[in-house]
There are 2 protein chains.
Amino acid sequence: MTQVPSQLRPPTMADVARMAGVSHQTVSRVLGDHPNVRDETRAKVLRAIEEMGYRRNFSARALATRRTRTLGVVASNTTLYGPASTLFALEEAARAEGYFVSTVSLRELTVRTLSEALDRLSEGGVEGVIAIAPQRSAVEALAGLRHPFPVVAVGTGSGAEVPSVNVDQRLGARLATGHLLAAGHRRVWHLAGPEDWQEAADRTAGWRETLEEAGVEPPMQLRGDWSPLSGYRAGQELAGWVGRGLTAVFVANDQMALGVLRALREAGVRTPQDVAVAGFDDIPEAEFFAPPLTTVRQDFSTVGKRSIALLLDLIEGRTPSGTSSVAIEPQLVVRASTFPYIPQPGAAPG
Amino acid sequence: MTQVPSQLRPPTMADVARMAGVSHQTVSRVLGDHPNVRDETRAKVLRAIEEMGYRRNFSARALATRRTRTLGVVASNTTLYGPASTLFALEEAARAEGYFVSTVSLRELTVRTLSEALDRLSEGGVEGVIAIAPQRSAVEALAGLRHPFPVVAVGTGSGAEVPSVNVDQRLGARLATGHLLAAGHRRVWHLAGPEDWQEAADRTAGWRETLEEAGVEPPMQLRGDWSPLSGYRAGQELAGWVGRGLTAVFVANDQMALGVLRALREAGVRTPQDVAVAGFDDIPEAEFFAPPLTTVRQDFSTVGKRSIALLLDLIEGRTPSGTSSVAIEPQLVVRASTFPYIPQPGAAPG
DNA sequence: GAGGTCATTGTGAGCGCTAACAATTCATGG
DNA sequence: CCATGAATTGTTAGCGCTCACAATGACCTC
């Protein structure tokens, strides 16, 4: 019941035209919503299309128009919340503009894998590519690669030579760190993300700036790899500093914050009474951590829309609306991990 | 430095042929790895290709061969761990077979959205589609829809009229429930997933069977919507049954289990000493819940490979290797939430 | 009623590639 | 030295569509 194998070859526009008693060009006009087609003719054609189950051939159309209306996306770690959300938002935004999205997911972003991915997408006829490339190495690779289509980077930071769209990570870190200072903490410690990630560097920079502006010497900084496990290990180390000046930690993402929370708990350290913890990302689970996590939310939907808009500008040869580097404001979400008040789940906006 | 706008039109095969002093067909042969090309000629052609930065035109090739080598994927909730992992695995498997993947992510799977997605993918020239369609309504919609290409469903359960690939949810539920019974619990309660999800139904069925085979009357069953919040609410209700026969809960996914854990904790109920909790999915965070969560792991990589293999069989007109419904075994991962022993994070396999 | 305009439809030429077949070259053996 | 067949290369005809332009006819104006 699912397929229609009435003929071996699917019907062509000419077949439809013959059936409707018009020329193939008229069929094309109907399909293309051209104004100058008599209603009666249009109806005839539509009826024939319906009856034959005709569908326009993508390849022929693309060949004739020289447009595939397909965008490529290169991503890695697509099972992480951030990249997955970005991917989703990108596809949605692209579809809204009438474009298809062809994805290549990489296990790791190196010059080689990135280059292969771009080659592959090029063979796939994409008109442009979005690279979700948060590692610095990836940005450099991107800048050095030749490709016959425009590329927009997401999450690479704004300093790049490649047009990019970013959430303002530095601002997010300032919000979180500032919030902890405002809550009365003298110093704020920091568990940073991987050195190679631009977003990690930006978050660290925002944290450091905020402390320095407040006249506080930034304490020792730990480093993790985004994983809960690395957060757990860092948390064990942090637990050793409780009572020696540690009262607040800004963790570079929620997953590591989860590990930190667990390590602190196991060490008998209470959150937030003994140590306040703030994260970054606002993953859906963050609200249900023990305790619910204060964190920084990024608007991926906007990231997706802006990225697609920028890429399409580049494809159409338009001057991008604004600069070629877009920054999006993140938002602080305060929950119990930094505050003794425990809100009801579901009450917080998220 | 990134683009090569040396000529307005990108070079064609004929341009390369002219430069190499051969016919365009010879260029095509070189690109197609045809055996009967003299090494010397091949070298000439490759040099010309390199020099001109030539890339074969996707649309022209697809038109001539009548093959786009593109598969479609329809998915919803792609930011959830399961669907995101499946998506990733599908793309990887498709790429390994030389296919492109064009994704359409839906916010909700209804007959209408599904139908639109299939239409759209059809316009995009896909040769086949994978539908990550865990809702029953989606399966029905799929069965009733006409489409000019084969469709393979993932996560729909094996009973469907549509060829499908599934993790054996029932078996997973039996593993978890059996584990709890074996640990000495007299009864196992159950927080089920949304009624409309086949996977939820299968997990519930596995739970119920296991209890019945053990001669135990299944206790009241709660229902959530996969979210931590719904788990939290159910957890509050469950907390009221502690001391009245409730000692173990099998929760239909990890995120709800997270909510349950929090609710129990807030109610002063200890896990696993007072109530053991098992989840389903083994999301990366599960190991770092408080306490680390016993759960059921699904091998998405295998799901991806088998789905693609099945779809390609259908596309090529081959009889699918085996039946048209593939089941994949899940795996129980035991952690502290069902056992008084607390393993070190990182020690558990995952 | 001639001339003009507009709406509507048709015709022909590609888009850049591959498949099928034709033509050429080359090595080999009788 | 030429026939024989294999290896190598070239030629031609589409694949199914859109674009540019031509053709037709209806309608209007003076």
Side-chain angles (χ1 to χ4, degrees), chain A residues 7-46 48-49 52-70 98 100 122-127 148, chain B residues 7-46 48-49 52-70 98 100 122-127 148:
Chain A
Q7 58 254 346
L8 247 52
R9 291 259 173 287
T12 80
M13 199 171 261
D15 295 334
V16 174
R18 203 170 307 122
M19 178 163 196
V22 297
S23 77
H24 63 127
Q25 179 58 11
T26 297
V27 177
S28 177
R29 287 197 184 93
V30 169
L31 254 25
D33 268 338
H34 263 253
N36 295 340
V37 178
R38 211 190 314 157
D39 285 352
E40 190 189 342
T41 311
R42 182 187 313 277
K44 259 194 313 190
V45 170
L46 287 176
I49 288 176
M52 307 184 79
Y54 168 76
R55 331 198 69 132
R56 202 154 38 169
N57 180 298
F58 173 77
S59 309
R61 190 166 141 75
L63 179 58
T65 58
R66 299 153 175 266
R67 307 269 337 235
T68 58
R69 296 196 80 80
T70 300
F100 295 95
S122 178
E123 295 258 305
V126 299
E127 296 182 20
Chain B
Q7 57 254 343
L8 246 53
R9 289 259 174 288
T12 81
M13 197 171 262
D15 296 332
V16 173
R18 204 170 306 121
M19 177 164 198
V22 298
S23 77
H24 65 128
Q25 178 59 10
T26 297
V27 178
S28 176
R29 287 197 184 95
V30 169
L31 253 26
D33 269 338
H34 265 252
N36 296 340
V37 178
R38 211 191 312 156
D39 285 352
E40 190 189 341
T41 312
R42 182 188 312 278
K44 261 192 313 189
V45 170
L46 288 176
I49 288 177
M52 308 185 78
Y54 169 75
R55 329 198 69 133
R56 203 153 38 168
N57 179 297
F58 173 77
S59 309
R61 190 167 141 74
L63 179 58
T65 58
R66 299 153 175 266
R67 308 271 333 238
T68 58
R69 297 196 77 80
T70 300
F100 295 94
S122 177
E123 295 258 305
V126 299
E127 297 182 20

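Within every chain, numbering begins at 1; the chains are lettered A, B, ... in the order of the sequence lines, protein sequences first and strands thereafter.
- For the pair Pro35(B) and Ala64(B), both in contact range of DNA chain D, the more 5′-proximal nearest nucleotide belongs to Pro35(B).
- Nearest heavy atoms, Thr68(B) versus Phe100(B): O-CD1, 4.4 Å.
- Taking atom CD of residue Glu40(B) and atom C1' of nucleotide dT25(C), one finds them 13 Å apart after rounding to whole Å.
- Overall bending of the helix from dG1(C)-dC30(D) to dG30(C)-dC1(D), expressed as the angle between end axes built from five pairs apiece, is 50° (10° steps).
- Note that the OG1 atom of Thr41(B) and the CG atom of Asn36(B) stand 11.5 Å from one another [nearest 0.5 Å].
- In this structure, Arg69(A) contributes its side chain and Gly98(A) its backbone to a donor-acceptor pair below 3.5 Å.
- Leu63(B) places its CG atom 12 Å from the P atom of dT18(D), with the value rounded to the nearest Å.
- Look at Arg38(A) and you'll find a side-chain N or O under 4.0 angstrom from OP1 or OP2 of dT9(C).
- Close to dG16(C), at under 4.0 Å from its OP1 or OP2, lies a side-chain N or O of Arg66(A).
- Computed from coordinates, the Met13(B) CE to dG10(D) P distance equals 14 Å when rounded to whole Å.
- At the heavy-atom level, Phe58(B) lies nowhere under 4.0 Å from the strands shown.
- Nearest heavy-atom pair, Lys44(A) versus Val22(A), reported as atom, atom and distance to 0.1 Å: NZ-CG1, 4.3 Å.
- Nearest approach of Thr70(A) to Phe58(A), heavy atoms of both residues: OG1-CZ, 4.0 Å.
- When all heavy atoms are compared, the tightest approach of Met19(A) to Ala48(A) is CG-CB, 4.0 Å.
- For the OP1/OP2 pair of dT9(D) and a distance below 4.0 Å, the side-chain nitrogens and oxygens of Thr41(B) include at least one atom meeting the criterion.
- Dashed line: the shortest gap from a side-chain N or O of Arg42(B) to OP1 or OP2 of dT8(D) is not under 4.0 Å.
- Contact record, Ala60(B) with Leu63(A): CB-CD1, 3.7 Å, taken as the closest heavy-atom pair.
- Contact of the Met13(A) side chain with the Ser28(A) side chain is registered, since non-hydrogen atoms from C-beta on lie closer than 4.5 Å.
- Whole-Å rounding puts the Glu123(B) CD to dC17(D) P distance at 11 Å.
- Atom CG of Asn36(B) and atom P of dA7(D) are 6 Å apart (whole Å).
- Taking atom CZ of residue Arg55(A) and atom C1' of nucleotide dG16(D), one finds them 16 Å apart after rounding to whole Å.
- The separation between His34(B) atom NE2 and dA19(C) atom P is 7 Å, rounded to whole Å.
- Only Val22(B), Ser23(B), His24(B), Gln25(B), Thr26(B), Arg29(B), listed by number, bring a heavy atom of residues 16-30 of chain B to less than 4.0 angstrom from any atom of DNA chain D.
- Rounded to whole angstrom, the span from the CG atom of Leu31(B) across to the P atom of dA19(C) amounts to 12 Å.
- Closest non-hydrogen pair, Leu31(A) versus Arg56(A), comes out as CB-NH1, 3.6 Å.
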